[in-house]
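We're numbering straight along the sequence, starting at 1. Bear in mind that the values here come from a model prediction, so they are computed numbers and not experimental data. Read the numbers this way: they start at 1 and go in the same order the structure lists the ligands and their atoms.
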Amino acid sequence: MPAAPEAFDFTGQVAWISGASRGIGLCVARKLAAAGARVVGLDVRVSPELKAVAAQTLEVSVSDFAAVQEAAAALARQGLAPSVLVNNAGITRDAVVWKLGEADWDAVLDVNLKGTFNLTRAAVPLMREAGGGAVVCVGSINGLRGKFGQSNYAASKAGMIGFAKAVAREVGRFGVRINVVAPGMVETEMAAAVPAEVRARALEESLLGKLATAADIAHAVMFLASKYASHMTGQVLQVDGGQYL
Ligand SMILES: NC(=O)c1ccc[n+]([C@@H]2O[C@H](COP(=O)([O-])OP(=O)(O)OC[C@H]3O[C@@H](n4cnc5c(N)ncnc54)[C@H](O)[C@@H]3O)[C@@H](O)[C@H]2O)c1
């Protein structure tokens with residue numbers, strides 16, 4: 001009797017995960033590694049926790065187009081072309097729009113949206129060459145509903161959805177799927193940084209009376225990356241305890 005259902009067996013697969021040093025990305029890295037994948041973790045700072053589970057780590061900013069393409073080529077040369085890509089790296093720089101500075105707009109769009117483009121741009125030709133692959137983007141319900149103080153973040157995550165849907169149309173015939181997981185608030189360091197009343201409101205909105213753990217999101221990412229989701233592409237899967245219904 002296998003320990004995990006066959007479709008959740010990632011043995012022999014290579015998974016690139018951005019923002020894998022902590023939070024949701026680290027949790028995805030641990031779970032995919034436990035399911036047999038060779039994990040490549042990309043982050044601006046590689047943590048010891050990531051090093052402990054990854055087959056390869058790279059210190060790179062996803063927002064740097066040239067650096068990402070170079071890293072991807074080097075990985076392919078090492079036999080680490082991806083069959084799974086998880087676009088997870090993300091940042092917030094919150095302010096109401098009339099106080100939002102250009103630098104904070106650019107930073108959020110550069111990491112969350114351009115970073116998603118940069119890595120997908122690098123991975124898709126390798127996936128096509130291999131005959132298929134799965135891309136999972138970590139979005140947010142705030143990209144669907146908007147959020148006070150987060151016009152930059154909401155725009156980046158809404159952009160990610162449009163991007164994924166367009167790419168799904170382009171790459172489906174090559175056996176490549178791309179989907180988005182849209183979490184509500186998740187108990188990570190990113191959420192710990194938001195004001196107490198914002199966390200309390202998220203908890204109130206949750207129909208299940210709790211916030212998500214990183215594992216709740218990682219399980220949905222794994223599902224979309226797995227054979228169980230082999231007929232799903234261009235979709236947005238909300239994992240939010242009903243926070244945005
Ligand atoms: N925590 C939440 O409540 C929540 C809710 C919805 C969506 N999300 C999304 O989930 C994803 C992960 O969030 P988290 O809570 O784990 O965040 P986190 O801040 O705990 O971790 C993010 C990781 O991304 C890395 N990173 C930041 N900029 C990078 C860059 N330019 N290049 C490479 N790596 C970079 C960071 O170093 C960090 O390791 C993000 O895309 C976030 O927007 C989080």
Show me the side-chain donor-acceptor pairs of residues 185-196 shorter than 3.5 Å, one per line, residues at least two apart or across chains.
{"from": "Glu187", "atom 1": "OE1", "to": "Arg199", "atom 2": "NH2", "distance (Å)": "3.2"}
{"from": "Thr188", "atom 1": "OG1", "to": "Met190", "atom 2": "N", "distance (Å)": "3.2"}
{"from": "Glu189", "atom 1": "OE1", "to": "Arg22", "atom 2": "NH1", "distance (Å)": "2.9"}

Checklist entry - Quick one: do the Asn179 and Gln235 side chains pair a donor with an acceptor below 3.5 Å? => result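 No, because no side-chain N or O of Asn179 sits under 3.5 Å from a partner of the opposite role on Gln235.
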Exercise answer: donor-acceptor pairs, residues 218-230 side-chain atoms, under 3.5 Å, sequence neighbours excluded:
{"from": "His219", "atom 1": "ND1", "to": "Ala215", "atom 2": "O", "distance (Å)": "3.2"}
{"from": "His219", "atom 1": "NE2", "to": "Lys31", "atom 2": "NZ", "distance (Å)": "3.1"}
{"from": "Ser226", "atom 1": "OG", "to": "Phe223", "atom 2": "O", "distance (Å)": "2.8"}
{"from": "Ser226", "atom 1": "OG", "to": "Tyr228", "atom 2": "N", "distance (Å)": "3.1"}
{"from": "Ser230", "atom 1": "OG", "to": "Lys227", "atom 2": "O", "distance (Å)": "3.0"}

Checklist entry - Looking only at atom types and distance, does a side-chain atom of Thr116 sit under 3.5 Å from a main-chain N or O of Met160, one as donor and one as acceptor? => result no
Item to check | For the student: nearest non-hydrogen atoms of Lys157 and Gly143, plus distance | outcome: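 What the structure gives for the nearest pair is CB-CA, 3.8 Å.
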Item to check | Partner set under side chain to side chain contact (heavy atoms under 4.5 Å, CB included) for Ala71, not counting sequence neighbours | outcome: Leu58
Checklist entry - Under a 4.0 Å heavy-atom cut-off, what residues line ligand 1? => result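 Gly19, Ser21, Arg22, Gly23, Ile24, Asp43, Val44, Val60, Ser61, Val62, Asn88, Ala89, Gly90, Ile91, Val111, Val138, Gly139, Ser140, Tyr153, Lys157, Pro183, Gly184, Met185, Val186, Thr188, Met190, Ala191.
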